Amino acid sequence: MQERVTTALLGALNGARQKGQLKTAAWPTLSLDAPKRPEWGDLASTVAMSLASSEHKAPHDIAQIIVENIPQREQLFDRVEIVRPGFLNLTVKPALWQEVLREIELQGARYGRTAVGAGRRVLVEYVSANPTGPLHVGHGRGAAVGQAVVRLLDAIGYEAVSEYYINDAGRQMKLLGASVYARYQELSGQTIAFPEDGYHGSYITSLAQQLKEELDRVADELTPADLETRCRSLAYQKLLGLIRDDLRSFGIEIQSWFSETSLLESKAIELALEELKTRDLLFQEDGAWWFRASTYGDEKDRVVKKQDGEYTYLASDIAYHHDKLRRGYDLLVDVFGADHHGYIPRMEAVMQAYGHPKDRLHVVLVQLVKLLRDGVEVKMSKRTGEFITMREVLDEVGADAANFYFLMRDSNTHLEFDLELAKQRSADNPVYYVQYAHARICSLWRVASARGIARPAAEGTDLTVLMDPDELGLIKKLSSYPEVVQASALAFEPHRVTYYLQQLAALLHTFYNKHRVLPPELDQENKESASTEVLTSKRTAARLVLMGAVQQVLRNGLNVLGISAPEHM
RNA sequence: GCGCCCGUAGCUCAGUCGGAUAGAGCAUCAGCCUUCUAAGCUGAGGGUCGUUGGUUCGAUUCCAACCGGGCGCACCA
């Protein structure tokens, strides 16, 4: 609908320009808002005011010109009003709103999908937690956001792929091996010094216990160093498996797993750096090799190969992103924890170093999660290994609630997550509020079918009876869904959909309490009805169509967020 | 010190490519189930949109400075 009206306004502007009534060469982007107050119409535009300066005319006069030039004005609008400074308030014909319901039914699960990203490929990298321990709550938020971004981009036509970058090389892995090895020795009655920066979490000890039998079998044949290496690879496999399981329980299937080690083995790092060298973006100083990141706006140059000949983490990451670029993606999205924000200029420099615009990469920052239990903060410490795992949260509140909570706020702001609140199956919990709206409609179908009322198709049902403000309000909300998805995807902000769904659910609940869809039971008919509304079979049919459309959009919206739409609650 | 993010109702947060009387949930108070799921609905109270300036027809939104909070500034990952 917005699209249709925008087209009409554009037509008006162009028409006016042809007649010489307006001069501006490039129109500003036409934004149509649903005004706050019903008397301001269905949609409002501020074009006239934004054109005032370039046209050197009073906004009101410009609005007048636009109105006169709207093609097919009579067919589209019931009312077109110009208000004070120059607002253009449009009231769309109800018949056009009613059309929206047919469109939703026709498109079904596809309703809300658009083609703005058609033909473009995007790779979304998220979580990418080191396989040195279980996923914690912070990773959970990253996972929820990453998944939602993938689904949103898919919904606007991108070919979107998810990827997990496994840091399976380097120091952290060595520390993991050493930590497990130390615990293993402890279990075998020996005592050795625990590695300085080792992993202290209790999961390391239980990991050592799990692996003990297997290690005992080979302990005599292997040197301590080899045994430690064995610890590392076994622990790594175990932990990566756990991570996969956790993600799966969260409803997330990563399509591609990319190993850092594979970069070393394929010499990809050397090749990527070699390419930088030929572009004169690499230099040697103090016995180390540096990447000229400052050429592209980073605050300083960065070491990629240390004095001791080892590559830094950045070197792998350069090679990794080089690889992603070579795979031909039009857009790369990295979902980072906010503590890595300093890393962004570096990676943007990498994009440019390989001859791509820096916006080929988009980084989505996910701020920390402040976990609360009954309003009291649960402290987490990575160093001591005390943290709340994603598994615990999932077990406690369930995947849907966790997902919804993670996606309720702008990912770039701190999130408070109260476990008790998320667990409550009550009004306090917004997840159930939205799901309940869906389940309520499903219940309508069950009752209708029990009473022998068939579910009508939108086509062939007279929808003109849907004239009540509550009915039209619902339809207007439904009609804005595709726009919400599109804006949400382009901004990489899933929380917009979460908000939309809460608003839609609120309208549905209000409607449900105020109006009836199905006729009351026969023996109730003689009673003085609370509502004076006459519920004809025609009206029932139209409202069933409306309910079906609401259900469809709720389901589509929940689906794009990775949340289930239950039929019973 | 430098950089990034945040500061909106008692609490948690939406809104902000500049628009008309700033929104929601929670919490508080008062109501609504013999009829389609009360995990719901209706109503009330609650605000100098951190502060001060600037830009303009118009600023919560843009700019500057300041105050407060978080994070980052490794030849760690």
Side-chain angles (χ1 to χ4, degrees), chain A residues 28-29 31 33 35-37 40 44 46 49-50 52-53 58-59 83-87 89 130 132 167 169-173 175 197 260 285-290 299-300 302-308 310-314 316-317 337-345 365 367-368 370 372 375 408-410 412-416 418 421 424-433 435-437 439-448 450-451 453 495-496 498-499 502-503 505-506 508-525 527 529-530 540 543 547 568-569:
Chain A
T29 46
S31 61
D33 305 310
K36 291 172 206 152
R37 303 172 74 80
W40 292 334
T46 57
M49 289 182 285
S50 37
S53 64
V83 183
R84 273 188 283 165
F87 289 100
N89 293 343
N130 290 351
T132 54
N167 293 117
R171 207 172 93 88
Q172 300 307 316
M173 289 308 295
L175 280 172
D197 300 317
E260 182 185 4
E285 194 177 289
D286 300 333
W289 284 92
W290 300 68
E299 59 185 80
K300 51 183 149 181
R302 309 288 175 177
V303 171
V304 290
K305 195 171 188 177
K306 299 185 270 183
Q307 276 180 341
D308 62 11
E310 296 259 328
Y311 289 117
T312 61
Y313 175 80
L314 178 62
S316 320
D317 232 5
D339 51 343
H340 284 63
H341 71 254
Y343 213 67
I344 299 174
L365 284 182
Q367 294 282 354
L368 300 180
K370 185 175 174 186
L372 306 175
M408 266 203 314
R409 312 294 187 211
D410 184 344
N412 196 28
T413 63
H414 294 265
L415 176 74
E416 271 198 13
D418 194 313
L421 206 63
Q424 279 175 39
R425 308 185 131 231
S426 74
D428 299 346
N429 197 326
V431 196
Y432 298 113
Y433 185 79
Q435 291 184 324
Y436 183 49
R440 266 184 149 176
I441 297 173
C442 292
S443 163
L444 280 177
W445 308 135
R446 291 190 291 269
V447 175
R451 294 195 194 162
I453 300 170
H495 74 278
R496 298 193 193 198
T498 317
Y499 262 80
Q502 291 183 83
Q503 288 167 0
L508 185 276
H509 287 310
T510 299
F511 180 85
Y512 192 92
N513 275 272
K514 200 162 155 191
H515 307 278
R516 290 198 61 87
V517 175
L518 300 169
E521 302 270 23
L522 286 177
D523 59 331
Q524 301 292 336
E525 264 188 305
K527 285 244 175 187
S529 176
T540 289
R543 284 187 175 169
M547 292 297 106
H568 295 271
M569 284 181 77

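Throughout, a chain's letter reflects where its sequence line sits, starting with A, and its residues are numbered from 1. The analysis underlying the following values was restricted to heavy atoms, covering all of them including side chains, and did not include hydrogens, waters or symmetry mates. This is a predicted model, so every value here is computed, not measured.
Note on A/T413: a side-chain N or O is less than 4.0 Å away from OP1 or OP2 of B/A14. In terms of phosphate contacts, A/K306 brings a side-chain nitrogen or oxygen within less than 4.0 Å of OP1 or OP2 of B/C76. Regarding contacts with the backbone of B/A20, a side-chain N or O of A/K36 is found under 4.0 angstrom from either OP1 or OP2. Applying the 4.0 Å criterion to OP1 and OP2 of B/A39, one finds that A/H509 has every side-chain N and O outside that range. The phosphate of B/A74 (OP1 or OP2) has no side-chain N or O of A/R302 nearer than 4.0 angstrom.
Whole-Å rounding puts the A/L368 CG to B/G69 P distance at 17 Å. Atom pair A/D410:CG and B/G70:P shows a separation of 20 Å (rounding to whole Å applied). Put simply, CD on A/E416 is 12 Å from P on B/A14, counting in whole angstrom units. Distance, A/K370 NZ to B/G70 C1': 10 Å, rounded to whole Å. As rounded to whole Å, 18 Å separates atom P of B/C26 from atom CG of A/L372.
Nucleotides B/C63 and B/A22 are separated by 22 Å at their C1' atoms, to the nearest Å. Only the C1' atoms considered, B/G68 is 11 Å distant from B/U51, to the nearest whole Å. The gap from the P atom of B/G50 to that of B/C32 amounts to 40 Å, rounded to the nearest Å. Annotation: B/C6 and B/C49 have their C1' atoms spaced 14 Å apart (nearest Å). Comparing B/G23 with B/G15, their P atoms sit 15 Å apart, to the nearest whole Å. For the C1' atoms, the distance linking B/G46 with B/G25 amounts to 14 Å, nearest Å.
The minimum heavy-atom distance between A/Y499 and A/M408, with the atom names listed, is CE1-O, 3.2 Å.
Counting non-hydrogen atoms under 4.0 angstrom, A/S443 reaches a base of the nucleic acid. A/R409 comes within 4.0 angstrom of a nucleotide base, judged by non-hydrogen atoms across all strands. Heavy atoms of A/Q367 sit under 4.0 angstrom from primed sugar atoms or phosphate atoms, though from no base atom. A/N167 comes within contact range of no nucleotide atom at all, as no heavy-atom separation falls under 4.0 Å. Within the 4.0 angstrom heavy-atom criterion, base atoms lie near A/Q307. Contacts of A/R37 with the nucleic acid, taken as non-hydrogen atoms under 4.0 Å apart, include base atoms. Within the nucleic acid shown, A/Q503 has no heavy atom closer than 4.0 Å to any nucleic acid atom. Nucleic acid contact for A/H414: sugar-phosphate only, since backbone atoms but no base atoms lie under 4.0 Å from a heavy atom of the residue. Among the protein residues, A/A338 comes within range of the sugar-phosphate backbone only, with heavy atoms under 4.0 Å from sugar or phosphate atoms but none that close to a base. Here A/V447 lies in heavy-atom contact (under 4.0 Å) with sugar-phosphate atoms only. Note on A/K305: nothing from the nucleic acid sits closer than 4.0 angstrom, heavy atoms only. Residue contacts for A/A44: at a heavy-atom cut-off of 4.0 Å it reaches a base atom on one of the strands shown. Across all strands, A/N130 comes closer than 4.0 Å only to sugar-phosphate atoms, never to a base (heavy-atom distances). Residue contacts for A/W40: at a heavy-atom cut-off of 4.0 Å it reaches a base atom on one of the strands shown.
Base orientation of B/C33: syn (glycosidic angle within 90° of 0).
Side-chain contact between A/Q367 and A/L415 is absent, with no heavy atoms from C-beta onward closer than 4.5 Å. Between A/H495 and A/R409, every side-chain heavy-atom pair lies at or beyond the 4.5 Å cut-off.
Lacking a ring centre under 5.5 Å from that of the base six-membered ring together with a plane angle below 30°, A/Y433 does not count as stacked on B/G40. Remark: ring of A/Y512 does not overlap the six-membered base ring of B/G40 in a stacked fashion, as centroids less than 5.5 Å apart with planes less than 30° apart are not both met.
Helical stems in RNA chain B, defined as runs of 3 or more consecutive Watson-Crick or G-U wobble pairs with both donor-acceptor distances under 3.5 Å, are listed by first residue as B:1-7 with B:67-73, B:10-13 with B:23-26, B:28-32 with B:40-44, B:50-54 with B:62-66.
Residues A/H568 and A/S50 both approach RNA chain B. Their nearest nucleotides, taken by heavy-atom distance, put A/S50 toward the 5′ side. With the nearest nucleotide of RNA chain B identified for both A/A288 and A/R451, A/R451 has the one nearer the 5' end.
In this structure, CD1 in A/I453 is found 6.5 Å from OG1 in A/T540, a value given to the nearest 0.5 Å.
The base of B/G72 is not paired with the side chain of A/H340 by any donor and acceptor separated by under 3.5 Å. At a cut-off of 3.5 angstrom, the base of B/A20 holds no donor-acceptor pair with the side chain of A/D33.
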